[in-house]
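Both backbone and side-chain heavy atoms feed into the values below; hydrogens, waters and symmetry mates do not. Below, chain A is the first sequence line, B the second, and so on; all start at residue 1.
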Amino acid sequence: MACAIWLLAALALTYISAAQADFRSQLYFSGGLLVALFLFKRMDASRRVPRLFFLGIATFIVLRYLAWRVLYTIEFTDWVSFIGALILFFAELYGMVIFLVGNFINASPVHRKPAPLPEFEQLPTVDIFVPSYNESTEILETTLIAALQMRYPAEKRNVYLCDDGGTDQKCTTGDEEAKKRARQRRIELTALCETLGAQYLTRPKNKAAKAGNLNEAFQKTAGDLVVIFDADHIPTEDFLEKTVGLFAQDAKLFLVQTPHFFVNPDPIEKNLDTFYQMPSENEMFYRVIQPGLDFWNASFFCGSGAVMRREHLDKTGGLSGDTITEDAETALTLHSMGFNSAYISTPLLSGLSPETMSGFITQRTRWAQGMVQIFLLKCPLFLRGLTLPQRLCYFNSCFFWFFPFSRLVYLIAPTAFLFFGLKIYAANWETFCAQVVPYMIAVFSVSNYLYGKVRWAFISELYELMQSIYTLPAIISTFFNPRAPTFNVTAKGEQLSRDFISPLATPFYVLALINFGTVGTGIYRLFHAAGTAQVYPVAITLFWGFFNSVMLLAALGALLERKQRRATPRMPARIPADLILGERTIPCRITDLSLGGCQIALTGVSERLFDQATTGKLKVTLGDEATPHLFHLQLRNLRDEKTGDGLLIGAQFVHADLDERRAKVRLVAGSSARWVEFQKRRESKMGVLSCLVTLIYLGIKNSASHLAHLLTDAGNSITGRSRNLDTRTLES
Amino acid sequence: MNGSTTSLCFRALLIAAICAISPISFAQLAPTPAKTPEARSGTPAKASAEGREPWLSELNQVLSRGEQPLEVHLSFGKVEHLSETQVAQGAAITQALALRAGSRPVHVSHGSQVESGKFNVLIGTADDLKNVLPPAEAARIRLGHLSLRRLPQRPEGFLLIVSGPTLEDINNAIIGLGLIRERLPDASHAAIREVVLPAAVPFFRREPLGSEGSTTFEQLQETGAGLTQLPGGGVALELHYPGYLPTQSDALVTLDLHFALKARPFQSGDALTVRLNGQDLNVGRAKVSVAASGGSESSIQFPVRFFQAGRNVLEVSGGGKAGLGAANRDDLKVFADSTLTMPRIEGHPALPDLQLASRTFFPFIGQPDGSNLSVALLDSQPETIDSAWTLLARLAQSANTFFYAAKVNFGVGDPGRHRLIIGNYAQLPLAYQRVATLSAFEPENVDIPVADIDRLVTGTNLKQVIERFMQRHTPAPIPAPKVQPTLDKPAADPTAFGIMAEVAPPNDEQGWVLIVTAHSSKTLLARTQSLVQPDFWDRIGGDMVRWGATPDSLQSRVPGQGKTSHGMRSFVEMPLGERVGLKLWIGLVVAVLILAVVVSAKVLAKYDQMYVLRQRRPQ
């Protein structure tokens, strides 16, 4: 009944939102709505009613804009302009749909508390699977060590390495070199598993990619719960403690998903150098959207960092394999069967982002294709068994991936008007002020309200822009042939020995040239339109073109791949320790930390103490253990930080034995509290203007470097000194 | 010359010819040396009484007599569709007739037959008209030919024949007809051998005032300033203030009056009243002195802004507080050497300004002969042609000249000239359709300059499609009592309006454009005939005008002075066209928003319970 009334109210709101007032009334009315919006925005966002009013008012403003757009701004003057107007409208419509469904999803996000584990006897048995394809032994070793160190009774859990790089098929392939590598890999990893206490699993054939690999592993095991970690996803010690308990509360629970927390910057963060200041791109999804989905019982499996109940999973025959995003597809299928999911927003694993733009684009293209496959093949809006909110949630998750269309339209729309004179948006200055400005303010306010802590303004636009060029063709091909896409493994753990221009940069040069040309034309037209009303549409579109230019500059900056010697960059830490130099023990503090090394801060110590020292030991107490652990160090560099932490020592871990390696994994990646703290450090609500200024600064600075690099390369090629643009060293 | 026919060679020596036009007034301008020759003039009434055909010299009186619009009916013989040349001829003839009709509105029609009750004009070569003209008259046509006669068996109607053996002869006859300041002969027929115009083409009816310079009243009269005797004594001068000079100037105009009383000297108790456009120039206090040449003289100064663009009436009479006695009023003589001295006037009037255009036809006028003007008829519908002629007749009266050299074409005209584009809306070029839109009169749009109107409606949008659909699929409402459309509310039937707009030249074109349009040619004709009447015409202003059937329906858009531009509409319009009061709608929005939030909270609470239930479902 309430749902029916709600639906009626929504329909009534939609209809009355379409009423058109004269522009002055509309201006005052919009002003009033915005004042109300800001009043509710200032109220506690966790209180439901003010939150609903805030979202309701914003929704109304957007509905009003949508009605005005539909009724008044798409005009038929000539076919070319009309088609252009429709394309622009659909690009905007996409954004509005995402906005409206996003408001629905985020109406009441859930931040679950972990449930306590049951008594030992009732503890479910857990099978932990680490699927692998071509990852290095070092990466796998770390993940397996961490998986084995999760706090959970050893007799109740098993860790499996599911290796698709050493299958019978690969070990008997015709290519001698590949065969040799596969056999060697199988031997090495079998030994590693034996050493660590894990079990090595492989299979005869590489069939159905990751889903096939795991499904075959499921058949060989029988634990109550199934945990999946990607090869580079290192779980924290409390992973099982915080997830398994939820299964005891709800018999229909099939999934507990946790966030993917990355300890290295993605290529955009790395190349623009924003990793330590700006929340990561995926935080918006894992810290805001997934909790929102969880309220509607629609949080979904993300392929790793998740616990699943085997009993329910078996009902679908394991992981679904119709699409290349088997994770979301499986969750969708199980939701449609009436099972539940849960989401824990505490980061309980640390993983690696792709380091290069190429890897990043490969990963995102797979996600985009997979979600579009689900959209087309499973059609969540009409899939039997889902609740209405679940339909909307899955629809949103799939539909989001059509952003490349919208993004590219926004990129070329100013050119259509300023350069080709197409009438693609019938509005004037007054209606722009009365309709468009309130709409944009409402959209930015909601974005800031919902995602402000985890996403700077315009960063979504930058990420989407950078993906759009390459994902759009993939989406289009998927659209026409939904079963064609195949699973591509994302390369991770790459190290870049020096700066180079990404081979993906070329289309962005073209787009930048078009956009700069458009801005130039706009400036010319602005001067010619001075004193006439044409000045307004030209000025507005010019600003839009300017914004696109800023985006493209930032994109070009991000396409200059910066060198990265460390596979995992140091993450900030505040861990008390003792540094042992010979006979002397000096209290110190670990200020940053990675699997490769750490930085130690000492106060009140003279630099001369280290004149002869090249090695040392670090004594650290992990958690509430009584016995501290010793870590052997190779001292690398020394810096006297006059104003801050005192003497800073850069050191590299030198493992003495497996125990020390295990302890190091615990030290570096074992604590979820450290990841929470790091996330909180990066939280900062930046104003829209500050974000724009920052983006302009980053864009100009990094694109200038890009240009300088390009010119240097051009100079080198003229003088005969060749340089391979995408040479990079793959290590680890 | 034989009998009632005269052969003329027009030379535009207008100064010599003008005396014959206003014998009454000239008699008042006493002591100028040339004594006005007594005109051998008759009147149509006299002609009727004498049982003769009216003379051509009586044409002005024939045309200007009456309060109702002059109905002119043109006939080109048995021609079904007029050629561009014929339309151009018709345009020139109607202008000439309009100038001769004074300020009387002219309605023009055309057809193959003459129409009783109208002033008919037959145009064509002798061959073209041979089936219409009596053989004797046809035989008389050897040069450009003008003849005026009563319609056979229809004494209330007149027939003017404009003919000649060749097109050139006809054109000579037409130009001869348009030389208003030349006296037509006291004969019912005239043959025009040649028309020689001066190199600098004059304004055919009345020269405009110039900037910086003195002109005697005699010179003013010679250049067309209409001089009439005031009923109560004194004189009135009709002056033409040109459109290209701004009126917003404080520069001082000096009027040096030389006058006398017939019976006695002007005394200190006597007063002189000088009015410009009815406004007293307050010269009762002006110093009056004795003129060296006899009589009295007085010098009056007033600012240029007392003038209005176009027609101005300067009245000099006795009167005022200490005015002349009633018996003495007729005694006031104003001498022809009285002088009007114009100051230097800087600047240009702001454009677009339809009031200026309606009063002077500036800026479209360009040259006084119309050689900078292109008249574009969007189609060849008879109503469109009649509309164009009707409008041109009125514009010629405002401009005080005759645009015989204007290009008249079907199509969109010559972009190298100023253009008058007239025709039905559907035929308008897209760029001008975007300008000539009724949405420009919406309260929120009235302050948008006409040059920017095109951004309001540039094509068909979904709302318009819905409106059309609703109009087609909803029963026609019971006709409401006829209410005049108010200025801030669109009329019920937008197709009933005429629109006139003055548009600045686009970048690649040179001239200004005057657009006159309506939904159909028939509406266009009806609206044009209304527009040229003083009740409508005198209300024209701003950059765009729309009007319906009544003078009150006329609305001029004057950006910046929109009556409702700072107000708000009291209603909103729903998608299907229904209107809801603004306050009611706001209340509705608030109510539905609150309802939506309350229901959403209920729905969320239900999901809260489901969420809790999910956590209480142990194995």
Side-chain angles (χ1 to χ4, degrees), chain A residues 2-3 5-6 9-10 12-13 15-25 28-29 32 48-49 52-53 56-57 59-60 67 70-78 81-82 107-108 110 115 246-253 295-297 340 342 389 423 426-428 430 528 532-534 537, chain B residues 430 434 442-445 448-449 451-466 507 565-575 578-580 582 585-586 588-589 592-608 610-611 613-619:
Chain A
C3 281
I5 295 173
W6 184 87
L13 202 63
Y15 188 72
I16 59 174
S17 73
Q20 287 304 311
D22 63 283
F23 101 89
R24 206 169 286 275
S25 306
Y28 292 140
F29 180 65
R48 179 167 284 169
V49 171
L52 286 177
F53 266 112
I57 292 168
T59 299
F60 181 76
V70 171
L71 291 174
Y72 294 93
T73 63
I74 306 165
E75 290 187 340
F76 183 86
T77 52
D78 59 273
S81 291
F82 184 62
S108 182
V110 174
L246 289 168
F247 286 92
Q249 289 186 337
D250 181 5
K252 294 186 82 177
L253 188 69
F295 179 81
W296 300 110
N297 191 21
N340 302 329
K423 308 254 182 204
N428 56 43
E430 288 79 12
H528 275 256
T532 71
Q534 269 297 304
Chain B
L430 189 63
R434 291 172 184 168
E442 295 289 326
E444 64 268 34
N445 298 333
I448 300 171
D452 303 327
I453 286 297
D454 64 338
R455 65 203 163 92
L456 289 180
V457 175
T458 55
T460 305
N461 61 35
L462 185 60
K463 184 70 168 61
Q464 290 162 338
V465 173
I466 292 172
N507 288 338
S565 62
H566 300 296
M568 295 189 295
R569 265 195 212 154
S570 57
F571 61 87
V572 294
E573 193 170 314
M574 303 303 280
E578 63 274 33
R579 289 180 176 180
V580 177
L582 183 63
W585 177 72
I586 291 174
L588 210 61
V589 169
V592 176
L593 253 177
I594 292 171
L595 177 71
V597 167
V598 170
V599 179
S600 298
K602 292 264 182 208
V603 171
L604 292 180
K606 189 180 151 201
Y607 272 84
D608 281 340
M610 287 165 64
Y611 172 74
L613 281 176
R614 289 205 314 253
Q615 293 181 327
R616 289 181 190 161
R617 220 166 13 204
Q619 297 168 80

- Do you know which of A:Ile16, A:Leu13, A:Thr59 makes side-chain contact (heavy atoms from CB on, under 4.5 Å) with B:Leu593? A:Leu13

- Below 4.5 Å from any heavy atom of chain B, which atoms of A:Phe29 appear? Answer side chain, backbone, both or neither. side chain

- Which atoms of A:Tyr72 approach chain B - backbone, side chain, both or neither, heavy atom under 4.5 Å: both

- Task: Would you sort out whether B:Phe571 and A:Asp22 count as a side chain to side chain contact (heavy atoms under 4.5 Å, CB included), showing the intermediate values?
- Result: CA-CA 8 Å; B:Phe571 61 87; A:Asp22 63 283; over 6 Å; no

- Message: Testing the basics here: between B:Ala596 and A:Trp6, what is the closest heavy-atom pair and its distance to 0.1 Å?
- Response: O-CD1, 4.1 Å

- Query: What closest approach, in Å, do A:Ala9 and B:Leu595 show between heavy atoms, and which atom pair accounts for it?
  - Reply: CB-CD2, 4.1 Å

- Message: Assess the residue pair A:Ile74 and B:Leu462 against the criterion (side chain to side chain contact (heavy atoms under 4.5 Å, CB included)); give the C-alpha distance rounded to whole Å, side-chain angles, the decisive distance to 0.1 Å, and a yes or no.
- Response: CA-CA 7 Å; A:Ile74 306 165; B:Leu462 185 60; over 6 Å; no

- Do you know the tightest heavy-atom contact between B:Leu604 and A:Ala107? CD1-CB, 4.2 Å

- Could you check B:Asp608 against A:Arg48 for side chain to side chain contact (heavy atoms under 4.5 Å, CB included), going step by step and ending with a plain yes or no? CA-CA 12 Å; B:Asp608 281 340; A:Arg48 179 167 284 169; 2.5 Å; yes

- Query: Do you know the tightest heavy-atom contact between A:Ala18 and B:Pro575?
  - Reply: CB-CG, 3.3 Å

- For chain B, which of A:Leu253, A:Asp78, A:Val70 has the most heavy-atom pairs under 4.5 Å? A:Val70

- Message: Below 30° counts as parallel, above 60° as perpendicular, anything between as tilted: where do the rings of B:Tyr607 and A:Phe295 land?
- Response: tilted

